[in-house]
2 protein chains.
Amino acid sequence: MKKITIADVAKHANISKSTVSQYLNNRFDYMGEKTKERIAQSIRELDYKPNIVARSLKQKTTFTIGVIVANMLHVFSTQVLRAIEDVCHAQDYHVIVCNSDDDPKKEKKYIEMLHAKQVDGLIVFPTGENKELYEGMVNEQFPLLFMDRFVEGLNIDSFLIENEKAAKIAVDHFVSKGYENIAILTKELLKNVTPRVERVQGYKKALKAHGIEVAEKFIIGEEVEHIQEKLKEVFSLPTPPRAIIAGNDLVLIQILQFAKENEMNIPEDLGIIGIDEVSFASIYSPPLTTISYPSYEMGKDAAELLLKKIRKEENSMSSEIHRYQPELIERRSC
Amino acid sequence: MKKITIADVAKHANISKSTVSQYLNNRFDYMGEKTKERIAQSIRELDYKPNIVARSLKQKTTFTIGVIVANMLHVFSTQVLRAIEDVCHAQDYHVIVCNSDDDPKKEKKYIEMLHAKQVDGLIVFPTGENKELYEGMVNEQFPLLFMDRFVEGLNIDSFLIENEKAAKIAVDHFVSKGYENIAILTKELLKNVTPRVERVQGYKKALKAHGIEVAEKFIIGEEVEHIQEKLKEVFSLPTPPRAIIAGNDLVLIQILQFAKENEMNIPEDLGIIGIDEVSFASIYSPPLTTISYPSYEMGKDAAELLLKKIRKEENSMSSEIHRYQPELIERRSC
DNA sequence: TTGTACGCGTTATCAG
DNA sequence: CTGATAACGCGTACAA
């Protein structure tokens with residue numbers, strides 16, 4: 001059961017490989033009707049399928065891109081991926097998906113392997129730890145885009161949420177409702193991941209703009225496993241928070257759990273605003289006020305830009321930061 | 001800025017391509033130390049990267065597999081994908097991800113393209129509408145696995161949840177708690193997708209086993225957009241349901257919304273069991289009783305089997321149905 | 001140990 | 001309109 005190649009088809013149709021190749025590439029400017037027919041016939045009879053690897057070798061293009069996310073279990077990543085895949089499908093590209101798990105080594109290995117596999121471009125949620133590597137690809141003019149995270153001084157198109165604004169919207173809303181002692185909770189602050197640092201930054205700025213003093217004790221960063229203890233600690237303070245911003249969906253669930261276990265009334269005892277839309281926001285009791293942003297659109301725009309750069313319709317050298325606006329969805333938790 | 005090939009390295013090191021190739025493939029059984037050093041040196045200086053496409057053409061293997069899911073926005077798909085990616089990463093394979101959107105045409109196009117791209121194997125959440133195509137691949141001995149959905153009479157390894165049992169567990173639990181008028185809600189029943197039909201089947205069987213008559217009006221299938229109206233209709237019946245099984249997470253949210261809007265008390269007015277674990281199950285009021293199953297494990301096992309078949313460590317001809325056990329997580333909604 | 005020559009499947013070029 | 005022939009980059013007998 002040997003694979004049939006273009007040579008077999010040629011032999012079967014009694015013509016040369018080149019003619020068959022032309023046929024396959026729709027270059028029948030001057031091809032005889034009868035020849036066309038014979039080729040079509042042979043292809044059908046032999047059930048010939050072109051070998052795209054061979055074509056890629058010759059054409060130096062694979063019609064495949066790579067996407068390296070931190071972790072595709074995150075809802076945001078999933079939505080971005082889905083958008084990318086949709087755009088690629090529409091333009092006959094395929095997508096190789098990888099999880100870096102925020103591990104620079106893993107990220108590096110993936111980038112190098114995908115590059116070696118000759119993918120035509122890459123969309124990365126960067127760990128930020130492989131600057132030289134990123135830089136090398138830019139110099140090579142390799143189509144590369146960053147998503148969700150920014151890496152300083154690198155001249156690479158980046159698609160980001162207006163994170164400071166997201167935090168500001170939350171603070172403003174709390175203030176307008178008369179809340180005091182507003183806290184913010186995110187995952188560990190150690191890692192300087194763009195969304196986290198920007199959100200905290202925006203939180204601070206917004207407080208200052210309202211003439212409220214920033215209290216470090218209200219800026220909480222903790223690994224998910226230890227959030228409950230941490231929360232307990234913070235809410236045992238003489239002046240505990242009366243309002244809290246959840247830095248993302250996971251952290252929001254932790255807060256809700258804590259509030260529930262301690263029988264705190266929302267929004268009376270504690271106001272809550274979650275950054276990230278969650279599936280259960282509108283059915284929760286009370287319905288949760290959240291801040292959402294256009295994940296799908298971000299993925300779509302990124303994919304479209306990448307494909308343009310791949311086709312050189314867009315200058316692969318110029319680069320900018322694309323910012324997306326967060327939006328308050330007011331419900332009842334604040 | 002020309003690409004460096006193995007020939008350039010050879011020239012630079014003043015030896016032949018074959019020697020370099022051997023070096024790259026760790027076949028230095030009899031290679032001179034000095035030669036090895038020279039090669040390493042040249043590779044570094046020229047920053048040579050092997051072209052994997054060329055290697056694939058020669059070796060007829062791409063170290064890439066394809067996964068076609070119905071829609072990667074579904075939590076189950078995401079978890080399965082993540083597991084597959086983990087296994088593949090550990091064995092240096094890459095994963096191309098595609099969304100069929102339950103469209104047989106799209107599925108067909110993907111399968112054919114991926115095949116042409118010479119992926120080494122495929123894991124598919126089948127639409128079920130491309131039997132001939134699936135069959136062709138089996139005959140070709142192409143490594144192919146099905147996930148979540150079963151296609152009759154096809155001799156292809158399939159990884160499925162014990163769906164009937166999941167429904168049975170729910171029914172049994174309701175009955176043991178003294179509930180009557182137990183309904184089941186799924187998305188449209190028209191499409192004969194394995195999980196849906198098996199769950200309804202299991203529901204019926206379980207009721208019968210308890211000597212309870214099956215009422216067609218309690219078997220509800222509806223598109224997500226119209227679920228609210230449908231629910232309104234069903235709960236206006238003379239004897240409305242007192243308990244309801246949510247066929248999946250999306251449908252569960254719809255039920256919760258309906259219950260909330262109509263101020264129904266859970267579990268007093270209405271008992272609820274959701275098939276599919278959801279992130280907010282334990283923080284909801286009341287905490288939701290759900291039935292979960294090992295998605296990650298399913299993806300992991302599938303990927304491992306696929307890679308074995310690819311390496312011919314496993315007979316690609318033999319095939320079986322792998323069933324996974326659902327588990328009741330009792331909380332307070334029933 | 002190393003070098004030569006050829007194959008992998010397709011496409012591009014250039015005669016005819 | 002069609003057909004040789006040479007790439008594309010790598011791997012590998014086989015020869016030396």
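Order of the sequence lines sets the chain letters (A, B, ...), proteins ahead of strands, with each chain counted from 1.
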At a cut-off of 3.5 Å, list every protein nitrogen or oxygen paired with a nitrogen or oxygen from nucleotides 14-16 of chain D, distance to 0.1 Å.
none

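Between B/Met72 and B/Asn99, the shortest heavy-atom contact is N-ND2, 2.8 Å.
Shown here are the salt bridge (charged side-chain N to carboxylate O under 4.0 Å, His left out) partners of A/Lys49, two or more places apart in sequence or in another chain: A/Asp47.
Computed from coordinates, the B/Lys11 NZ to D/dC10 C1' distance equals 15 Å when rounded to whole Å. In this structure, B/Asp8 atom CG and D/dC8 atom C1' are separated by 13 Å, rounded to whole Å.
Between A/Lys308 and A/Glu304 there is no salt bridge, since none of the side-chain N atoms of the basic residue sits less than 4.0 Å from a carboxylate O of the acidic one. Ion pairing of B/Asp101 with A/Arg82 is present here, as a side-chain N (NZ or NE/NH1/NH2) and a carboxylate O approach within less than 4.0 Å. With respect to the salt-bridge test (charged N to carboxylate O, under 4.0 angstrom), the residues A/Arg149 and A/Asp102 qualify. Note on B/Asp103 versus B/Lys109: no salt bridge recorded, every NZ/NE/NH1/NH2 to OD/OE distance being 4.0 Å or above.
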Contact letters for nucleotides 7-16 of chain C, in which S counts primed atoms plus P, OP1 and OP2 and B counts the base, heavy atoms under 4.0 Å: BBBBBB----

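Checked against the 6.0 Å centroid criterion, the rings of B/Phe63 and B/Tyr93 qualify as a close aromatic pair. For B/Phe146 and B/Phe125, the gap between ring centers reaches or exceeds 6.0 Å.
In this structure, A/Ser56 reaches neither bases nor backbone, as no heavy-atom distance under 4.0 Å exists between it and the strands shown.
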